[in-house]
Amino acid sequence: MLFGAVYEHFSFGVYSNSMIYAFVPPMLTGIFLLFTGTREKVLEGRFILPLEMSAITLAVGSAAKGAIEIYGTDNRLLKWYWVAGGTLFAVTAVVYIFDTVHRKDK
Amino acid sequence: MAKKKSIISWIAYAATLVGFTTYVMLDTFVLPRVIDSDADKMNMSLFESQAPTENIQSGTESGTAAVTETLSTENSYKDENISIELKEYNAHATAIYVADVQLSSAQYLKTAFANDSYGRNIKDKTSSIAEDKNAVFAVNGDFYGARESGYVIRNGILYRSSGDSSADVLCIYADGSFAITNSKEKNAQELVDEGVWQAFSFGPALVEDGSVSVSEKDEVGKAMASNPRTAIGIIDELHYVFVVSDGRTSESEGLSLFELAQFMEGLGVNTAYNLDGGGSSSMYFNGKVINKPTTNGRSIKERSVSDIVYIGY
(Lines give C-alpha, C1' and ligand atoms only; values in the text may rest on other atoms or scores of the structure.)
Protein backbone atom coordinates (compact mmCIF):
# COMPACT_ATOMS: atom_id res chain seq x y z
CA MET A 1 0.00 0.00 0.00
CA LEU A 2 2.87 2.34 0.84
CA PHE A 3 4.49 1.51 -2.50
CA GLY A 4 1.17 2.17 -4.26
CA ALA A 5 0.68 5.49 -2.47
CA VAL A 6 4.17 6.72 -3.39
CA TYR A 7 3.64 5.58 -6.98
CA GLU A 8 0.27 7.36 -7.26
CA HIS A 9 1.74 10.55 -5.82
CA PHE A 10 4.67 10.84 -8.18
CA SER A 11 3.25 9.33 -11.36
CA PHE A 12 0.85 12.20 -12.24
CA GLY A 13 -1.54 9.64 -13.68
CA VAL A 14 1.13 8.14 -15.92
CA TYR A 15 1.19 4.36 -15.81
CA SER A 16 3.93 1.85 -16.41
CA ASN A 17 3.38 -1.87 -16.82
CA SER A 18 6.91 -2.46 -15.55
CA MET A 19 5.99 -0.70 -12.30
CA ILE A 20 2.58 -2.35 -11.99
CA TYR A 21 3.98 -5.85 -12.56
CA ALA A 22 7.21 -5.43 -10.59
CA PHE A 23 6.01 -7.95 -8.01
CA VAL A 24 5.36 -10.67 -10.57
CA PRO A 25 8.85 -12.31 -10.41
CA PRO A 26 8.74 -12.97 -6.61
CA MET A 27 5.10 -14.03 -6.89
CA LEU A 28 5.83 -16.47 -9.72
CA THR A 29 8.78 -17.85 -7.75
CA GLY A 30 6.51 -18.46 -4.76
CA ILE A 31 3.81 -20.08 -6.89
CA PHE A 32 6.41 -22.24 -8.63
CA LEU A 33 7.76 -23.50 -5.30
CA LEU A 34 4.28 -24.07 -3.90
CA PHE A 35 2.88 -26.06 -6.78
CA THR A 36 5.82 -28.04 -8.09
CA GLY A 37 6.46 -29.94 -4.90
CA THR A 38 10.00 -28.67 -4.85
CA ARG A 39 9.43 -26.17 -2.03
CA GLU A 40 10.97 -28.18 0.80
CA LYS A 41 13.85 -29.42 -1.25
CA VAL A 42 14.65 -25.93 -2.50
CA LEU A 43 14.26 -24.29 0.88
CA GLU A 44 16.54 -26.82 2.51
CA GLY A 45 19.07 -26.88 -0.29
CA ARG A 46 21.57 -24.44 -1.74
CA PHE A 47 19.12 -23.30 -4.44
CA ILE A 48 17.16 -20.84 -2.36
CA LEU A 49 19.87 -18.17 -2.32
CA PRO A 50 20.28 -17.65 -6.10
CA LEU A 51 16.54 -18.20 -6.64
CA GLU A 52 15.58 -15.46 -4.18
CA MET A 53 18.28 -13.17 -5.54
CA SER A 54 16.99 -13.77 -9.06
CA ALA A 55 13.43 -12.84 -8.07
CA ILE A 56 14.54 -9.74 -6.17
CA THR A 57 16.84 -8.60 -8.99
CA LEU A 58 14.04 -8.90 -11.56
CA ALA A 59 11.56 -7.14 -9.24
CA VAL A 60 13.94 -4.24 -8.52
CA GLY A 61 14.84 -4.01 -12.23
CA SER A 62 11.18 -3.89 -13.18
CA ALA A 63 10.43 -1.18 -10.59
CA ALA A 64 13.47 0.83 -11.71
CA LYS A 65 12.35 0.55 -15.34
CA GLY A 66 8.86 1.67 -14.29
CA ALA A 67 10.17 4.72 -12.42
CA ILE A 68 12.27 5.68 -15.44
CA GLU A 69 9.39 5.09 -17.88
CA ILE A 70 7.03 7.29 -15.86
CA TYR A 71 9.40 10.18 -16.48
CA GLY A 72 9.34 9.40 -20.22
CA THR A 73 12.94 8.30 -20.42
CA ASP A 74 15.03 5.15 -20.68
CA ASN A 75 18.49 3.90 -19.79
CA ARG A 76 20.88 1.54 -21.53
CA LEU A 77 21.92 0.00 -18.17
CA LEU A 78 18.47 -1.44 -17.38
CA LYS A 79 19.22 -4.55 -19.42
CA TRP A 80 21.74 -5.66 -16.83
CA TYR A 81 18.92 -6.37 -14.35
CA TRP A 82 17.49 -8.92 -16.79
CA VAL A 83 20.95 -10.33 -17.51
CA ALA A 84 21.77 -10.69 -13.78
CA GLY A 85 18.30 -11.96 -12.81
CA GLY A 86 18.27 -14.43 -15.69
CA THR A 87 21.78 -15.65 -14.90
CA LEU A 88 20.90 -16.22 -11.23
CA PHE A 89 17.79 -18.13 -12.30
CA ALA A 90 19.87 -20.23 -14.70
CA VAL A 91 22.38 -20.94 -11.93
CA THR A 92 19.51 -22.10 -9.70
CA ALA A 93 18.18 -24.39 -12.43
CA VAL A 94 21.61 -25.87 -13.20
CA VAL A 95 22.44 -26.49 -9.52
CA TYR A 96 18.98 -27.99 -8.94
CA ILE A 97 19.25 -30.35 -11.93
CA PHE A 98 22.81 -31.32 -11.01
CA ASP A 99 21.76 -32.00 -7.42
CA THR A 100 18.76 -34.10 -8.51
CA VAL A 101 20.86 -36.20 -10.88
CA HIS A 102 23.62 -36.57 -8.28
CA ARG A 103 21.13 -37.81 -5.62
CA LYS A 104 19.63 -40.34 -8.05
CA ASP A 105 23.09 -41.69 -8.79
CA LYS A 106 23.63 -42.23 -5.08
CA MET B 1 29.47 -21.46 9.30
CA ALA B 2 26.97 -21.94 6.46
CA LYS B 3 24.67 -19.33 8.01
CA LYS B 4 27.54 -16.84 8.26
CA LYS B 5 28.40 -17.48 4.62
CA SER B 6 24.78 -16.90 3.67
CA ILE B 7 24.65 -13.60 5.57
CA ILE B 8 27.83 -12.41 3.85
CA SER B 9 26.36 -13.37 0.47
CA TRP B 10 23.19 -11.41 1.20
CA ILE B 11 25.11 -8.34 2.34
CA ALA B 12 27.30 -8.42 -0.78
CA TYR B 13 24.24 -8.94 -3.01
CA ALA B 14 22.24 -6.13 -1.34
CA ALA B 15 25.19 -3.71 -1.57
CA THR B 16 25.65 -4.52 -5.27
CA LEU B 17 21.94 -4.16 -6.06
CA VAL B 18 21.52 -0.89 -4.14
CA GLY B 19 24.75 0.52 -5.57
CA PHE B 20 23.88 -0.39 -9.14
CA THR B 21 20.29 0.93 -8.84
CA THR B 22 21.58 4.19 -7.38
CA TYR B 23 24.01 4.53 -10.28
CA VAL B 24 21.26 3.79 -12.85
CA MET B 25 19.04 6.49 -11.34
CA LEU B 26 21.87 9.03 -11.18
CA ASP B 27 22.86 8.21 -14.76
CA THR B 28 19.24 8.65 -15.88
CA PHE B 29 18.36 11.84 -14.05
CA VAL B 30 21.43 13.59 -12.68
CA LEU B 31 24.88 12.85 -14.07
CA PRO B 32 25.61 15.03 -17.12
CA ARG B 33 27.15 13.12 -20.03
CA VAL B 34 28.49 15.55 -22.62
CA ILE B 35 29.01 13.97 -26.04
CA ASP B 36 29.62 17.19 -28.00
CA SER B 37 30.39 20.40 -26.12
CA ASP B 38 30.50 22.44 -29.31
CA ALA B 39 26.98 21.72 -30.51
CA ASP B 40 25.94 25.15 -31.75
CA LYS B 41 27.18 24.60 -35.30
CA MET B 42 24.90 25.31 -38.25
CA ASN B 43 25.11 23.80 -41.71
CA MET B 44 24.20 26.96 -43.61
CA SER B 45 25.40 25.39 -46.86
CA LEU B 46 21.90 23.88 -47.10
CA PHE B 47 20.61 27.35 -48.01
CA GLU B 48 23.29 28.30 -50.54
CA SER B 49 21.45 26.87 -53.52
CA GLN B 50 18.20 28.57 -52.60
CA ALA B 51 16.82 31.64 -54.36
CA PRO B 52 17.18 34.95 -52.47
CA THR B 53 14.58 35.21 -49.73
CA GLU B 54 11.66 37.56 -50.10
CA ASN B 55 11.05 40.40 -47.65
CA ILE B 56 7.82 39.37 -45.95
CA GLN B 57 6.97 42.99 -45.16
CA SER B 58 7.34 44.44 -48.62
CA GLY B 59 7.47 41.42 -50.91
CA THR B 60 10.85 42.54 -52.27
CA GLU B 61 14.12 40.66 -51.93
CA SER B 62 15.43 40.62 -48.33
CA GLY B 63 18.45 42.79 -47.67
CA THR B 64 17.53 45.32 -50.35
CA ALA B 65 16.76 48.90 -49.50
CA ALA B 66 13.08 48.10 -48.95
CA VAL B 67 11.36 48.23 -45.56
CA THR B 68 13.56 46.70 -42.84
CA GLU B 69 11.75 48.14 -39.86
CA THR B 70 11.12 45.93 -36.83
CA LEU B 71 7.63 46.12 -35.37
CA SER B 72 7.21 44.50 -31.97
CA THR B 73 4.20 44.52 -29.64
CA GLU B 74 3.12 42.37 -26.69
CA ASN B 75 1.71 39.72 -28.99
CA SER B 76 3.33 40.29 -32.36
CA TYR B 77 6.69 40.73 -34.05
CA LYS B 78 7.52 41.63 -37.61
CA ASP B 79 10.69 42.35 -39.52
CA GLU B 80 11.86 41.65 -43.06
CA ASN B 81 12.28 37.89 -42.49
CA ILE B 82 10.07 36.98 -39.56
CA SER B 83 6.42 37.60 -38.75
CA ILE B 84 4.94 36.24 -35.51
CA GLU B 85 1.45 36.72 -34.15
CA LEU B 86 0.34 35.24 -30.83
CA LYS B 87 -3.24 34.29 -30.01
CA GLU B 88 -4.80 32.62 -26.99
CA TYR B 89 -7.69 30.18 -27.22
CA ASN B 90 -9.76 28.22 -24.75
CA ALA B 91 -10.98 24.80 -25.79
CA HIS B 92 -11.69 21.60 -23.85
CA ALA B 93 -11.38 23.64 -20.62
CA THR B 94 -7.75 24.32 -21.56
CA ALA B 95 -5.75 27.46 -22.24
CA ILE B 96 -4.09 27.11 -25.64
CA TYR B 97 -1.43 29.49 -26.96
CA VAL B 98 -0.86 29.70 -30.68
CA ALA B 99 1.96 31.44 -32.50
CA ASP B 100 1.35 32.02 -36.19
CA VAL B 101 4.77 32.33 -37.81
CA GLN B 102 5.65 33.37 -41.35
CA LEU B 103 9.28 33.26 -42.43
CA SER B 104 11.19 34.32 -45.52
CA SER B 105 13.45 31.25 -45.13
CA ALA B 106 13.60 28.12 -42.97
CA GLN B 107 17.06 29.21 -41.82
CA TYR B 108 15.24 31.32 -39.19
CA LEU B 109 13.54 28.23 -37.78
CA LYS B 110 16.37 27.05 -35.58
CA THR B 111 17.04 24.73 -32.69
CA ALA B 112 19.42 24.93 -29.76
CA PHE B 113 20.74 22.59 -27.08
CA ALA B 114 21.03 23.53 -23.42
CA ASN B 115 24.52 24.94 -22.78
CA ASP B 116 25.28 24.46 -26.50
CA SER B 117 26.14 20.87 -25.58
CA TYR B 118 24.77 17.63 -26.95
CA GLY B 119 24.47 14.76 -24.46
CA ARG B 120 22.46 13.40 -21.59
CA ASN B 121 21.24 15.33 -18.52
CA ILE B 122 22.37 18.63 -19.98
CA LYS B 123 19.36 20.78 -19.30
CA ASP B 124 18.24 24.36 -18.99
CA LYS B 125 14.94 26.22 -19.06
CA THR B 126 13.42 27.00 -22.46
CA SER B 127 13.50 30.72 -21.60
CA SER B 128 17.20 30.62 -20.60
CA ILE B 129 18.27 28.83 -23.77
CA ALA B 130 16.13 31.23 -25.81
CA GLU B 131 17.69 34.25 -24.12
CA ASP B 132 21.20 32.91 -24.79
CA LYS B 133 20.30 32.64 -28.48
CA ASN B 134 18.56 36.04 -28.66
CA ALA B 135 15.49 34.20 -29.86
CA VAL B 136 12.39 36.19 -30.70
CA PHE B 137 10.21 33.17 -30.05
CA ALA B 138 10.79 29.64 -28.71
CA VAL B 139 9.11 26.47 -27.55
CA ASN B 140 10.57 23.37 -25.93
CA GLY B 141 11.87 20.70 -28.31
CA ASP B 142 11.64 16.91 -28.21
CA PHE B 143 13.79 16.42 -25.07
CA TYR B 144 16.13 14.15 -27.03
CA GLY B 145 18.36 13.82 -23.94
CA ALA B 146 15.75 11.75 -22.11
CA ARG B 147 16.15 8.89 -24.54
CA GLU B 148 18.97 6.69 -25.73
CA SER B 149 17.75 6.49 -29.33
CA GLY B 150 15.87 8.51 -31.93
CA TYR B 151 17.34 10.62 -34.73
CA VAL B 152 18.73 14.00 -33.71
CA ILE B 153 19.47 16.33 -36.63
CA ARG B 154 19.73 19.96 -35.62
CA ASN B 155 20.54 22.94 -37.79
CA GLY B 156 21.66 20.54 -40.51
CA ILE B 157 24.08 18.59 -38.28
CA LEU B 158 23.57 14.91 -37.44
CA TYR B 159 24.05 14.20 -33.72
CA ARG B 160 22.33 10.82 -33.25
CA SER B 161 21.83 8.25 -35.96
CA SER B 162 20.30 5.44 -33.88
CA GLY B 163 16.61 5.29 -34.68
CA ASP B 164 13.67 4.65 -32.40
CA SER B 165 11.43 2.32 -34.38
CA SER B 166 8.39 3.27 -32.31
CA ALA B 167 8.64 7.02 -32.95
CA ASP B 168 7.47 9.12 -35.88
CA VAL B 169 10.23 11.43 -37.07
CA LEU B 170 9.45 14.99 -38.12
CA CYS B 171 11.80 16.29 -40.79
CA ILE B 172 11.96 19.98 -41.57
CA TYR B 173 13.81 20.47 -44.84
CA ALA B 174 15.91 23.48 -45.78
CA ASP B 175 13.14 24.63 -48.11
CA GLY B 176 10.88 24.78 -45.04
CA SER B 177 8.69 21.81 -45.94
CA PHE B 178 7.67 19.14 -43.42
CA ALA B 179 7.73 15.36 -43.84
CA ILE B 180 6.88 12.58 -41.43
CA THR B 181 8.99 9.45 -41.63
CA ASN B 182 10.42 6.78 -39.33
CA SER B 183 13.67 4.92 -38.83
CA LYS B 184 12.41 1.88 -40.76
CA GLU B 185 11.87 3.98 -43.89
CA LYS B 186 15.06 6.04 -43.87
CA ASN B 187 18.31 6.13 -41.96
CA ALA B 188 19.62 9.35 -40.47
CA GLN B 189 22.38 9.86 -43.04
CA GLU B 190 19.85 9.61 -45.87
CA LEU B 191 17.86 12.40 -44.24
CA VAL B 192 20.95 14.60 -43.95
CA ASP B 193 21.82 13.90 -47.58
CA GLU B 194 18.27 14.87 -48.59
CA GLY B 195 18.76 18.29 -46.97
CA VAL B 196 16.96 17.88 -43.66
CA TRP B 197 17.54 20.98 -41.55
CA GLN B 198 15.84 19.72 -38.35
CA ALA B 199 14.64 16.25 -37.31
CA PHE B 200 12.71 15.44 -34.14
CA SER B 201 12.01 12.03 -32.63
CA PHE B 202 9.03 12.31 -30.35
CA GLY B 203 5.63 12.41 -31.98
CA PRO B 204 3.30 11.11 -32.96
CA ALA B 205 2.33 12.94 -36.13
CA LEU B 206 -0.98 14.65 -35.31
CA VAL B 207 -2.08 15.76 -38.76
CA GLU B 208 -0.97 14.43 -42.13
CA ASP B 209 -2.22 15.68 -45.51
CA GLY B 210 -4.60 18.00 -43.69
CA SER B 211 -6.37 15.25 -41.73
CA VAL B 212 -6.08 14.10 -38.11
CA SER B 213 -3.79 11.06 -37.98
CA VAL B 214 -4.24 9.97 -34.35
CA SER B 215 -7.21 8.28 -32.73
CA GLU B 216 -8.84 8.99 -29.37
CA LYS B 217 -6.94 6.02 -27.93
CA ASP B 218 -3.48 7.24 -28.96
CA GLU B 219 -1.19 8.54 -26.27
CA VAL B 220 2.48 9.37 -25.87
CA GLY B 221 4.09 6.31 -24.33
CA LYS B 222 2.70 6.14 -20.84
CA ALA B 223 1.18 9.62 -20.67
CA MET B 224 -2.24 10.22 -19.24
CA ALA B 225 -4.98 11.64 -21.45
CA SER B 226 -5.05 15.32 -20.48
CA ASN B 227 -1.71 17.05 -20.45
CA PRO B 228 0.15 20.22 -21.20
CA ARG B 229 1.22 19.85 -24.84
CA THR B 230 3.59 21.36 -27.37
CA ALA B 231 3.14 20.92 -31.11
CA ILE B 232 4.36 22.36 -34.37
CA GLY B 233 2.50 22.50 -37.67
CA ILE B 234 2.86 23.84 -41.19
CA ILE B 235 0.00 25.59 -42.97
CA ASP B 236 1.67 26.33 -46.29
CA GLU B 237 5.08 27.39 -47.60
CA LEU B 238 7.16 28.83 -44.72
CA HIS B 239 3.96 29.45 -42.76
CA TYR B 240 3.94 27.62 -39.41
CA VAL B 241 1.98 27.38 -36.19
CA PHE B 242 3.43 26.57 -32.79
CA VAL B 243 0.89 25.45 -30.21
CA VAL B 244 1.36 25.10 -26.45
CA SER B 245 -1.43 24.15 -24.06
CA ASP B 246 -1.47 24.40 -20.28
CA GLY B 247 -2.67 21.45 -18.22
CA ARG B 248 -2.81 19.59 -14.91
CA THR B 249 -4.38 22.60 -13.15
CA SER B 250 -7.93 23.46 -12.10
CA GLU B 251 -7.85 26.41 -14.54
CA SER B 252 -6.61 24.38 -17.47
CA GLU B 253 -7.15 20.63 -17.71
CA GLY B 254 -4.89 19.91 -20.66
CA LEU B 255 -5.46 18.20 -23.96
CA SER B 256 -5.45 14.63 -25.18
CA LEU B 257 -3.45 13.99 -28.35
CA PHE B 258 -6.69 13.65 -30.28
CA GLU B 259 -8.00 17.00 -28.99
CA LEU B 260 -4.69 18.64 -29.86
CA ALA B 261 -4.77 17.11 -33.34
CA GLN B 262 -8.35 18.32 -33.90
CA PHE B 263 -7.37 21.80 -32.72
CA MET B 264 -4.43 21.92 -35.10
CA GLU B 265 -6.53 20.65 -37.97
CA GLY B 266 -8.90 23.53 -37.22
CA LEU B 267 -5.99 25.96 -37.62
CA GLY B 268 -5.64 24.73 -41.18
CA VAL B 269 -2.36 22.86 -40.91
CA ASN B 270 -1.29 20.39 -43.54
CA THR B 271 1.14 18.54 -41.22
CA ALA B 272 1.39 18.74 -37.43
CA TYR B 273 3.66 16.96 -34.98
CA ASN B 274 3.64 16.52 -31.23
CA LEU B 275 6.77 17.59 -29.33
CA ASP B 276 7.61 16.88 -25.69
CA GLY B 277 4.78 17.90 -23.36
CA GLY B 278 3.90 17.69 -19.68
CA GLY B 279 6.06 19.90 -17.49
CA SER B 280 8.32 20.65 -20.47
CA SER B 281 5.65 22.57 -22.40
CA SER B 282 6.79 26.19 -22.55
CA MET B 283 6.30 29.07 -24.95
CA TYR B 284 8.65 32.05 -24.90
CA PHE B 285 8.14 35.31 -26.76
CA ASN B 286 10.04 38.60 -26.62
CA GLY B 287 11.73 37.85 -23.29
CA LYS B 288 8.71 36.36 -21.49
CA VAL B 289 7.25 32.92 -20.86
CA ILE B 290 3.73 33.12 -22.28
CA ASN B 291 2.08 30.00 -20.85
CA LYS B 292 1.93 28.56 -17.33
CA PRO B 293 4.29 25.57 -17.33
CA THR B 294 3.79 23.03 -14.56
CA THR B 295 4.87 19.51 -13.84
CA ASN B 296 2.61 18.70 -10.90
CA GLY B 297 -0.16 21.29 -11.25
CA ARG B 298 0.68 22.83 -7.88
CA SER B 299 3.49 25.20 -8.75
CA ILE B 300 3.90 27.14 -11.99
CA LYS B 301 7.52 26.90 -13.02
CA GLU B 302 9.53 25.93 -16.07
CA ARG B 303 11.10 22.51 -16.25
CA SER B 304 14.63 22.34 -17.60
CA VAL B 305 14.80 20.68 -21.00
CA SER B 306 17.47 19.40 -23.38
CA ASP B 307 16.59 21.54 -26.37
CA ILE B 308 14.38 24.20 -27.87
CA VAL B 309 12.95 25.15 -31.25
CA TYR B 310 13.24 28.87 -31.84
CA ILE B 311 12.70 31.66 -34.32
CA GLY B 312 15.52 34.13 -34.59
CA TYR B 313 18.82 35.07 -36.16
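Protein chains get the first letters and strands the later ones, always in sequence-line order, with residue 1 at the start of each.
Exactly one residue among B/Thr21, B/Val18, B/Val24 makes a side chain to side chain contact (heavy atoms under 4.5 Å, CB included) with A/Val60. That residue is B/Thr21.
By the 6.0 Å contact criterion, CH2 on A/Trp80 is open, its count of non-hydrogen atoms from other residues, nucleotides or ligands being 12 or less. Sparse packing is recorded around CZ of A/Phe89, with 12 or fewer heavy atoms of other residues, nucleotides or ligands lying under 6.0 Å away. Counting heavy atoms of neighbouring residues, nucleotides and ligands inside a 6.0 Å radius, atom CD of B/Glu185 exceeds 12 of them. Other residues, nucleotides and ligands contribute over 12 non-hydrogen atoms within 6.0 Å of the NZ atom of B/Lys123.
The distance from atom CG of B/Asp27 to atom CG of A/Asn75, rounded to the nearest 0.5 Å, is 4.5 Å. The structure places CG of B/Asn121 at 8.0 Å from OG1 of A/Thr73, a figure rounded to the nearest 0.5 Å.
B/Tyr13 places a side-chain N or O within donor-acceptor distance of the main-chain N or O of A/Thr57, the cut-off being under 3.5 Å.
Taking each heavy atom of B/Arg147 and A/Asp74 in turn, the nearest pair found is CA-OD1, 3.4 Å.
Between B/Met25 and A/Ile68, the closest side-chain pair of non-hydrogen atoms falls below 4.5 Å.
At a 4.5 Å heavy-atom cutoff, the contact between A/Leu78 and chain B is made by side-chain atoms alone. In this structure, the portion of B/Phe29 lying under 4.5 Å from any heavy atom of chain A is its side chain and not its backbone.
With hydrogens and angles left out, the side-chain atoms of B/Thr28 and A/Arg76 include no donor and acceptor closer than 3.5 Å.
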